[in-house]
Amino acid sequence: MSKSLLQFIIEEQRSIPEATGDFTGLLNDIVSACKQIAHDVNKGALIGVLGSAGSENVQGETQKKLDVITNEVFIKANEWSGHLAAMASEEMDDIYPIPSRYPKGKYLVTFDPLDGSSNIDVNISVGTIFSILRCPEEVTDPAAADFMQPGTKQVCAGYALYGPATMIVLTTGNGVNGFTLDRDVGDFFLTHPNMTIPADTSEFAINMSNQRFWEEPVQRYVEECIKGKDGGREKNFNMRWVASMVAEVHRILTRGGIFMYPKDTKDPSKAGKLRLMYEANPMSFIVEQAGGMSSTGRERIMEIQPSGLHQRVPVILGSKNEVERVVSYHKGL
Ligand code: P6P
């Protein structure tokens, strides 16, 4: 039997002299939330959780019942144990301070409880994304401003993927490791140690229906991929688009690839579709720790100084050599 996720975290904690067990406890609570979400997602129609909730979130997106349910599950699993000072979610306008009836801790967490939820009614993989930051030391009642930390300040980032297998993939800054849920035992076990993204790939992922709205560097890159050897590239390319970032990133971690949700002119008021604090930053931490690269095309995503909880950014991430090519096109090279 492989090492359990809890054993892995505790053994990793022993290598951190100042560790108090607080972080291990927090991660354990997040894992519990993901187990519950995996159950609800897996049961689906059997327990009446599919379909629309009839409400909109702060993004103006129609919420699925499971968007609301999974947000509640994540909050309830993490608010009571004294490891967190506050949380922030894609599904909530403002931050969620820990209620006064519970002790507060030294961490902040941002999360997308059910990323890709437009896929849930058609039974395609979805996921949960989370990012852990330290609450500023002198702060006892955190505000949204205390979350405005660049991605380089993340203590941990991870995702749960609710696919044919339920997996958790995470990094604490010492590489990336993947764990698979054994439903019979009710625990996650190490199945994908030291996940590494190949520097080269012949697979790109982008929503082609937005092509007319892309900036020129992205137009050029995608056109070259489509033309392959007939257009100056040394190889032909394949394309994927799942419309679930967690599934795309997991594929890239497993076999390489480049994922793009670039800035487009469809809505000039938006810098992109994906959100920095609970999609782009955690996924960038994971991708960089696996030897990949993550950029807006113009700057390293993890160095962006956030200006808002729900700030959107362009995302170009994955196999290093392909991301570097797209970045070079943005420089006009
Ligand atoms: P589109 C899901 O809504 C999401 O935030 C990401 O998981 C996914 O990569 C993207 O949006 C899909 O966007 O425009 O193709 O539906």
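Note that ligands are numbered from 1 as they come in the structure, with each ligand's atoms numbered from 1 the same way.
Take Y329 and apply the side-chain hydrogen bond (donor to acceptor under 3.5 Å, both in side chains) test, not counting sequence neighbours, and it matches E224, R325. Residues satisfying the side chain to side chain contact (heavy atoms under 4.5 Å, CB included) criterion with S81, sequence neighbours excluded, are D29, H83.
K331 NZ: 12 or fewer foreign heavy atoms inside a 6.0 Å radius.
For an aromatic pair to be called close, the ring centres must be under 6.0 Å apart, and Y278 with F111 fails this.
Panel note: side chain T201, backbone G257; a donor-acceptor pair is recorded below 3.5 Å.
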Using a cut-off of under 3.5 Å, which N/O atoms of ligand 1 pair up with protein N/O atoms, and what distance separates each pair?
| from | atom 1 | to | atom 2 | distance (Å) |
| --- | --- | --- | --- | --- |
| ligand 1 | 5 (O) | E279 | OE2 | 3.2 |
| ligand 1 | 7 (O) | D115 | OD1 | 3.0 |
| ligand 1 | 7 (O) | D115 | OD2 | 2.8 |
| ligand 1 | 7 (O) | M245 | N | 2.7 |
| ligand 1 | 9 (O) | M245 | N | 3.4 |
| ligand 1 | 11 (O) | K273 | NZ | 3.2 |
| ligand 1 | 13 (O) | K273 | NZ | 3.0 |
| ligand 1 | 14 (O) | Y261 | OH | 2.6 |
| ligand 1 | 15 (O) | N207 | ND2 | 2.8 |
| ligand 1 | 15 (O) | W241 | NE1 | 2.9 |

Throw together a table of side-chain donor-acceptor distances under 3.5 angstrom for residues 143-152, partners on residues two or more places apart or in other chains.
| from | atom 1 | to | atom 2 | distance (Å) |
| --- | --- | --- | --- | --- |
| D146 | OD2 | A143 | N | 2.7 |
| Q149 | NE2 | R134 | O | 2.9 |
| Q149 | NE2 | D146 | O | 3.0 |

